[in-house]
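Notes for the one structure printed next.
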2 protein chains.
Amino acid sequence: MATIKDVAKLAGVSISTISRVLNAPDKVSKDKRERVLRAIEQLKYHPNALARGLIHKKTKTLGILIPDISNYYYAEMFRGMEDAAQEFGHNIIICNTDKDKQRMISALRSMKEKQIDGFVFTSEPVYPDYYDIFNQLGLPVVLASTQSLEYAIPSVKIDDEQAGFDAAQYLIDCGHRRIAMISGPHLDPIAGMSRLQGFMRAMRTNELDFDSARCVEFGNYRYDDGYAAMERLWDKNPELTAVFAASDEMALGAIYFLYRSGVRVPDEVSILGMDNTRIACMSLPRLTTVAQPIYEIGYKAVRTLQEVLDGAGPATLRTYLSHQIVARDTVKNVNGEIF
Amino acid sequence: MATIKDVAKLAGVSISTISRVLNAPDKVSKDKRERVLRAIEQLKYHPNALARGLIHKKTKTLGILIPDISNYYYAEMFRGMEDAAQEFGHNIIICNTDKDKQRMISALRSMKEKQIDGFVFTSEPVYPDYYDIFNQLGLPVVLASTQSLEYAIPSVKIDDEQAGFDAAQYLIDCGHRRIAMISGPHLDPIAGMSRLQGFMRAMRTNELDFDSARCVEFGNYRYDDGYAAMERLWDKNPELTAVFAASDEMALGAIYFLYRSGVRVPDEVSILGMDNTRIACMSLPRLTTVAQPIYEIGYKAVRTLQEVLDGAGPATLRTYLSHQIVARDTVKNVNGEIF
DNA sequence: CTGAAAGCGCTTACAG
DNA sequence: CTGAAAGCGCTTACAG
């Protein structure tokens, strides 16, 4: 492959001049500039970004840590990240962590060695030992779809507690009283416990009875988890009329359990999902769900990282994008009905 | 950040020695090795992969060009790629192209400058001008979910023509005679025309009447395309009993159109999808579909690229992984029924 | 406007 | 076993 020296030789100038036509063309006489451009074209010369990065200590490369890109939620969020990156001339190195600490550490080490300018960390809480690792790296970091109340790390997400509240309130407004929730895991303070807390706050605010032992089951956001959780829920509480699931996949799993049990959705039981991934409108009946601006979370997270890299610092430390309920066909309004 | 010089100073040795403990530890005396290791630890030293890459002319970084990662099919394929990469110590730079030539060119240029070792190109045919671009880059390339018969580029995919054939044969074996297809676009020779040709071959082989004007509609693999195509199909051909859609999403779109039209699936019309993305078993009724080993295609494509990089050359130029039909709930066996 | 030289952070013969 | 030196492909003052 041609290097700057080859171009210099062919064009009959010094390598400094080549560098100049690439970085500050108007500082070079028209005559030489054209000769150089021709030589570049002729040799198919591509400047070596490693050499450049070594000098500038910038690579225009960002790291992204994501639990699992084959998960629809992350796939869509990642698209937002990539678009933001591309728009501002950055490339992305991505790594799936499966929420595995070792995998994360080794990815981060290797990204660090490749001199990424900064990275986005997704969906997991920032545990103290994670914070230590981030610190030792000395790289700018932004959190997407997670946040830290303890540490001053910029983050972009929705208000999960409020989303849980709004979900319950929506079902209540639709006339439901015996409501259950399929929550995310206990160990997930962000999308798990916050939503459940918001949900319970709404029940309290509306002075509705809510026995969490009978009305809450847990799952890890996947379809099978939703199926199994609905099974347990139905087993101990067959008189409920509405269920809020903390992910669309779990909602669909719950629907499938009910379908197999001969329970009609939404006629007998209403199901409210969460996320509004594209499956929500591709399944049947089409899923009513609490929509997150997933793409925007990814986009905004990378934009925030870029603001930090520009030295301006992020406009706001903790950004909350707004959620909204998208009414489709799985929640029935039972106001006025007689039980 | 600490450099090799800082470590050398702290450990009281030359930078050569630092380099040796990192790359050939047994060539260094135990005494010095330990001192160096301690200094590395103390300074949180991370070697700079740019400098190393400059010398080795290898970066252990691979490029991936994909139309759209938020598409379920590619998300799953990409997961396979990333796993293969990680297993063999490679990192991945990914770029969404939206099948846009300019976007592809600029991504490739930037990946080339960052000295990727090779790249995987996905899903689009290798047009002659693409081939020229690949050639000028001088980088190893492997095709995933596409292939080239004109050029000797390694590729990994299923046999799409045969998949189309098997799809039709399956419906025929289930007793269907008046069968239609929702195909991919005319402009897509790989997943579009090949599957249609295989489909038509099966109809011919079985001596079934097949008027392509009445029995084929086209769409771009998305849900809405499937809905619209089914609408056109139903409009001109309401006596059909089975439809093969060239993607799961189009199949689901078709089902939704039929549902809205009061046509029962599979009792009145059977639907056969293609891909077996995870939505196939998350929708209701659960979709019968021609399964592609999507993850494996991605995994194998990167493995093949790594074989090329190892200098061995790919074991086989054109790899075909096998598809299989997964029977679920949207295709009805009508053998023995009276029409 | 232009070129020679130093330097970015490493690796790798080469001598000892 | 160890270190000094050259070199990977660039950029950037510095002189002219």
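By convention in this document, chain letters (A, B, ...) are assigned in the order of the sequence lines, proteins followed by strands, and residues within each chain are numbered from 1. None of these values were measured; they are calculated from a predicted model.
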query = Reckon A/T17 has a side-chain N or O less than 4.0 Å from the OP1 or OP2 of C/dG3?
reply = yes

task = Quick one: look up who D/dG16 pairs with, Watson-Crick or G-U, both distances under 3.5 Å, and put none if it's unpaired.
result = C/dC1

request  = Ignoring backbone atoms, test whether A/H56 places a side-chain nitrogen or oxygen under 4.0 Å from the OP1 or OP2 oxygen of D/dT12.
outcome  = yes

note = In whole angstroms, the gap separating C1' of D/dA13 from CD1 of A/I55 amounts to 12 Å

request  = Report yes if a side-chain nitrogen or oxygen of A/K27 is closer than 4.0 Å to either non-bridging phosphate oxygen (OP1 or OP2) of D/dA13; otherwise report no.
outcome  = no

ask   = A/Y221 and A/Y73: aromatic ring centres closer than 6.0 Å?
value = no

request  = Answer with base, sugar-phosphate or nothing: what part of the nucleic acid does B/T3 contact at a heavy-atom distance below 4.0 Å?
outcome  = sugar-phosphate

request  = Would you mind reading off the distance between A/R33 atom CZ and C/dT2 atom P, rounded to a whole angstrom?
outcome  = 10 Å

Spacing between B/D26 atom CG and D/dT2 atom C1', to the nearest angstrom = 15 Å

inquiry  = By nearest atom, which of the nucleotides C/dC10, D/dG9, D/dT2 is closest to the A/L54 side chain?
reply    = D/dG9

B/I40 CD1 to C/dC10 P, straight-line distance once rounded to whole Å = 10 Å

inquiry  = With side chain to side chain contact (heavy atoms under 4.5 Å, CB included) as the criterion, how do B/L321 and B/K157 come out once you've worked through the C-alpha distance, each side chain's angles and the decisive distance to 0.1 Å?
reply    = CA-CA 6 Å; B/L321 301 183; B/K157 67 191 284 287; over 6 Å; no

ask   = When you check the gap from the basic side-chain N to the acidic O, do A/R103 and B/D83 get nearer than 4.0 Å?
value = yes

request  = Would you mind classifying the nucleic acid contact of B/S29 as base, sugar-phosphate or nothing, using non-hydrogen atoms under 4.0 angstrom?
outcome  = sugar-phosphate

request  = Assert yes or no for the condition that the ring centre distance of A/F134 to A/F121 is strictly below 6.0 Å.
outcome  = yes

task = Please check the phosphate of D/dG7 (OP1 and OP2 only) for any side-chain N or O of B/K57 closer than 4.0 Å.
result = no

ask   = With respect to the phosphate group of D/dC10, does any side-chain polar atom (N or O) of A/R52 fall under 4.0 Å of OP1 or OP2?
value = no

query = B/I4 has a side chain; which of D/dG9, C/dG3, C/dC10 sits nearest to it?
reply = C/dC10

key: Between C/dA13 (P) and B/R20 (CZ): distance, integer Å   = 11 Å

query = Under a 4.0 Å N-O cut-off, is there an ion pair linking B/D98 with A/R79?
reply = yes

Sugar-phosphate, base or nothing in reach of B/S16, heavy atoms under 4.0 Å = base

ask   = Phosphate oxygens OP1/OP2 of C/dT11: is one of them under 4.0 Å from a side-chain N or O of B/S19?
value = yes

message = Could you check whether B/D129 pairs with B/K101 (Lys NZ or Arg NE/NH1/NH2 to Asp/Glu carboxylate O, under 4.0 Å)?
response = yes

inquiry  = Expressed as a whole number of angstroms, how long is the span from B/N48:CG to D/dC8:C1'?
reply    = 13 Å

ask   = With nearest nucleotides of DNA chain D determined for B/G12 and A/P47 from heavy-atom distances, which residue corresponds to the more 5′ nucleotide?
value = B/G12

request  = Using whole Å, report how far CE of B/M1 lies from P of C/dC8.
outcome  = 17 Å

request  = Could you check how far CZ of B/R35 sits from C1' of D/dG3, rounded to whole Å?
outcome  = 14 Å

query = Are any of A/K5's side-chain N or O atoms less than 4.0 Å away from OP1 or OP2 of D/dC8?
reply = yes

request  = Have a look at B/I15 and say if it touches a base, only the backbone sugar-phosphate, or nothing, with a 4.0 Å heavy-atom cut-off.
outcome  = base

ask   = Below 4.0 angstrom from OP1 or OP2 of D/dT11, is there any side-chain N or O of A/N23?
value = yes

